[in-house]
Amino acid sequence: MTLIKSISGIRGTIGGKVGENLTPVDAVKFASAYGTWLKQQTINDKFKTNFKVVIGRDARISGPMIHNLVVNTLIGLGIDVIDLGLSTTPTVEVAVPLESADGGIILTASHNPKQWNALKLLNEKGEFLNGIEGEKILQIAEAEAFDFSDVDNLGEIIENNAYMDIHIDEVLNLPLVDIEAVKAAKFKVIVDGVNSSGGIIIPKLLELMGVEVVKLYCEPNGHFPHNPEPLKEHLTDISELVVEKKADLGIVVDPDVDRLAFISEDGEMFGEEYTLVACADYVLSKTPGNTVSNMSSSRALRDVTNLHNGSYEASAVGEVNVVELMKKNNAIIGGEGNGGIIYPELHYGRDSLVGVALFLTHLANKKMSVSALRASYPEYYMSKNKIELTPQIDVDAILVAMTEKYKNEDIATIDGVKIDFAENWVHLRKSNTEPIIRIYTEAASQEKADALALKIIDEIKVIAGI
């Protein structure tokens, strides 16, 4: 099961059989469905005749191949392409409205290993498609209901390599980003760009903020030097280098630069969950308001929001769900506990550049070490586990059984099953991007979080008979 079609796009491993992996045929088919859906949209009750889509990719080895297939498919549909080339997910999201485009496609499998790639689809606002739109595209792809343009009406390619710089400028121009304060702090930072586009854009942003940068794995060749998901067990190299170089902190991003993690000056993880907590603390201190994160994120954001007299709410997992609730609740900052910062002042999308700029401004203003800043926040510990799925496992039946087992607890079922106990919680859900069940727990200590996770996993295995 290495080709995953969902409302958020198509994701799979390169090579293999059509319909089972992300092959050239599948890339063309899904790009055709997206382009066809775009052309079916109406503006002011009139059919549009000219369409424009922004395309960007991360540095994956398969990127140029998938990029060429997708771009030329859109051209064949009569759609003009603004080609950003090597880029980041948030950069494409910023570019779509600035170009007055009708949509965007980011070619990236995010934190997945190098054999994976994907098409992530955006609307005219540079935001991910909703469930209804995504489902329509899946239907078009299944039916192969494509109608390509004749030779006189093919689209055009407009190359624009300036958008990473434009994106940086947009971030530095935000009112809450204080470049002078960061310059005065004279920070020394190690950057792990996992040999993708973050290795270009993050050092450039930092240098413009007067930060001394030491680069680690910043060559965008797509050969990821470690598992690209920015978790503690994958980041021993940068943790050691931060201590060795006596740096103030380390910065880690995933291949498409929408997830952000920090390393403290002592080589310890600041905590992916606390990336959003720290940025929200700073934003709320300057502009009071509400926050949103997903159900699998730490309670610490709720606590910090309450300290600033704001209101916190949790959404279903998935960026589109977080954004929807942020708009509904007028949240001034939000995101996901995997290190995804969404700051609507710039755009409604997870953006590591925004996170870096806000975090460094906060750190400069606080005049404290990264470890001291982390110690100032409520102490919660998470355990993130998963069970590989096989065709024999009935996920829905497992979730129903767990809901019944814990029916006397505080339970939410808008996204899998979340069981809120007084001192801790567990969230069980089927992943949208991988063939797994995710089991997330949080408690007042790592031991308690791990113990709760093991208890729940054992109960699931009994129910599933595995």
Practice item. Could you walk me through whether Asn329 and Ser311 pass side chain to side chain contact (heavy atoms under 4.5 Å, CB included), step by step? Key: CA-CA 9 Å; Asn329 294 346; Ser311 171; over 6 Å; no
Point to revise | Pair Thr89-Asp256, side chain to side chain donor-acceptor pair (under 3.5 Å): steps then yes or no | key: CA-CA 5 Å; Thr89 288; Asp256 69 325; 2.5 Å; yes
Exercise for review: Might you work through the side chain to side chain contact (heavy atoms under 4.5 Å, CB included) test for Asn294 and Asn338, ending with a clear yes or no?
Suggested key: CA-CA 10 Å; Asn294 68 39; Asn338 60 12; 5.9 Å; no
Practice item. Could you give me the CA-CA distance, side-chain angles and deciding distance for Leu363 and Val370, then say whether side chain to side chain contact (heavy atoms under 4.5 Å, CB included) is met? Key: CA-CA 7 Å; Leu363 194 63; Val370 175; 3.6 Å; yes
Check your understanding: Between Asp281 and His362, does a side chain to side chain donor-acceptor pair (under 3.5 Å) hold up when you go through it step by step?
Key -> CA-CA 8 Å; Asp281 182 31; His362 187 37; 3.3 Å; yes
Exercise for review: Carefully, step by step, assess Tyr343 and Asp351 under the rule side chain to side chain contact (heavy atoms under 4.5 Å, CB included).
Suggested key: CA-CA 8 Å; Tyr343 187 48; Asp351 191 327; over 6 Å; no
Review point. Can Thr361 and Asp178 be said to form a side chain to side chain donor-acceptor pair (under 3.5 Å), step by step?
Key: CA-CA 6 Å; Thr361 300; Asp178 191 338; over 6 Å; no
Point to revise | Test log, rule side chain to side chain donor-acceptor pair (under 3.5 Å), inputs His226 and Asp192 | key: CA-CA 10 Å; His226 55 76; Asp192 180 350; 2.7 Å; yes
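In this structure, Phe262 and Phe270 have perpendicular ring planes: the angle between them is above 60°, well past the 30° mark.
For NZ of Lys125, the number of neighbouring non-hydrogen atoms (other residues, nucleotides, ligands) closer than 6.0 Å is 12 at most. Within 6.0 Å of NZ in Lys448 there are 12 or fewer heavy atoms belonging to other residues, nucleotides or ligands. Shown here is Glu423, whose CD atom has no more than 12 heavy atoms of other residues, nucleotides or ligands within 6.0 Å.
Atom CG in Asp450 sits 6.5 Å away from atom OG1 in Thr441 (nearest 0.5 Å). The distance from atom OH of Tyr377 to atom CG of Asp303, rounded to the nearest 0.5 Å, is 12.5 Å. If you take CD1 on Ile387 and CD1 on Ile460, they are separated by 4.5 Å, rounding to the nearest 0.5 Å. Separation of atoms CD1 (Ile251) and OG1 (Thr275) is listed at 10.0 Å; rounding is to 0.5 Å. Interatomic distance, CZ of Phe30 versus CD1 of Ile140, reported as 10.0 Å (0.5 Å rounding). Taken from CD1 in Ile414 to CG in Leu325, the straight-line distance is 8.0 Å, to the nearest 0.5 Å.
For the pairing with Glu442, the side-chain hydrogen bond (donor to acceptor under 3.5 Å, both in side chains) check across Trp425, Tyr380, Tyr381 returns one residue only, Trp425.
Looking only at side-chain heavy atoms (C-beta outward), Leu249 and Ser264 stay at 4.5 Å or farther from each other. Inter-residue side-chain proximity for Cys218 and Val191 is flagged as met; some heavy-atom pair is nearer than 4.5 Å. By the 4.5 Å heavy-atom criterion applied to side chains, Asn290 and Ile332 are not counted as neighbours. Residues Arg438 and Ser296 are not in side-chain contact: their nearest non-hydrogen atoms beyond the backbone lie 4.5 Å or more apart. When side chains are defined from C-beta on, Leu276 does not count as touching Glu336, because their heavy atoms never get closer than 4.5 Å. Inter-residue side-chain proximity for Ile14 and Ile66 is flagged as met; some heavy-atom pair is nearer than 4.5 Å. At least one side-chain heavy atom of Ile457 sits under 4.5 Å from a side-chain heavy atom of Asn385. By the 4.5 Å heavy-atom criterion applied to side chains, Pro90 and His347 are counted as neighbours.
A salt bridge links Lys407 to Glu404: at least one charged side-chain nitrogen sits closer than 4.0 Å to a carboxylate oxygen. For the pair Asp266 and Arg374, the salt-bridge criterion is not met [side-chain N within less than 4.0 Å of a carboxylate O]. Salt-bridge check for Lys120 with Glu93: failed, with every basic side-chain N at 4.0 Å or more from each acidic carboxylate O.
Judged by distance alone, with hydrogens and angles left aside, the side-chain atoms of Glu273 form a donor-acceptor pair with the main-chain N or O of Ser298 at under 3.5 Å. In this structure, Asp58 contributes its side chain and Arg60 its backbone to a donor-acceptor pair below 3.5 Å. Asp410 contributes no side-chain N or O that, together with a main-chain N or O of Asp420, makes up a donor-acceptor pair within less than 3.5 Å. Side-chain atoms of Ser196 never come within 3.5 Å of backbone atoms of Gly198 as a donor-acceptor pair (strictly under, hydrogens ignored). Judged purely by atom type and a 3.5 angstrom limit, Arg259 has no side-chain atom pairing as donor or acceptor with the backbone of Asp254. The closest donor-acceptor contact from the side chain of Asn21 to the backbone of Thr23 lies at 3.5 Å or more, if one exists at all. Under the 3.5 Å distance criterion, the side-chain polar atoms of Arg11 are left unmatched by any main-chain donor or acceptor of Ile4. No donor-acceptor pair under 3.5 Å is formed between the side chain of His308 and the backbone N or O of Ala280. A donor-acceptor pair under 3.5 Å is absent between the side-chain atoms of Ser239 and the main chain of Glu268, judged by distance alone. Between the side chain of Gln446 and the main chain of Met382, a donor-acceptor pair closer than 3.5 Å is present.
Residues Ala145 and Thr36 come closest through the heavy atom pair O-CG2, 3.5 Å. Listed here is the closest heavy atom pair of Gly103 and Val96: O-CG2, 3.6 Å. Shortest non-hydrogen contact noted between Ser87 and Gly56 is CB-CA, 4.1 Å. Across Val283 and Leu358, no two heavy atoms sit closer than the pair CG2-CD1, 3.9 Å. Of all non-hydrogen atoms in Lys286 and Asn365, the two that sit nearest each other are CE-ND2, 4.4 Å. The minimum heavy-atom distance linking Leu176 with Thr287 is given by the pair CD1-OG1, 4.1 Å.
Asn306 is linked by a side chain to side chain contact (heavy atoms under 4.5 Å, CB included) to Arg302, counting only residues two or more places apart in sequence or in another chain. Annotation: side chain to side chain contact (heavy atoms under 4.5 Å, CB included) contacts of Glu459 (sequence neighbours excluded): Met402, Lys405, Tyr406, Lys455, Ile456. Scored by the side chain to side chain contact (heavy atoms under 4.5 Å, CB included) test, Glu233 finds Leu231 as partners (sequence neighbours excluded).
Stacking of Lys327 on the aromatic ring of Tyr348 is recorded, both the 6.0 Å distance cut-off and the 45° axial limit being met.
Side-chain contact of Tyr440 with Ser297: a donor-acceptor pair under 3.5 Å is absent, judged by distance alone.
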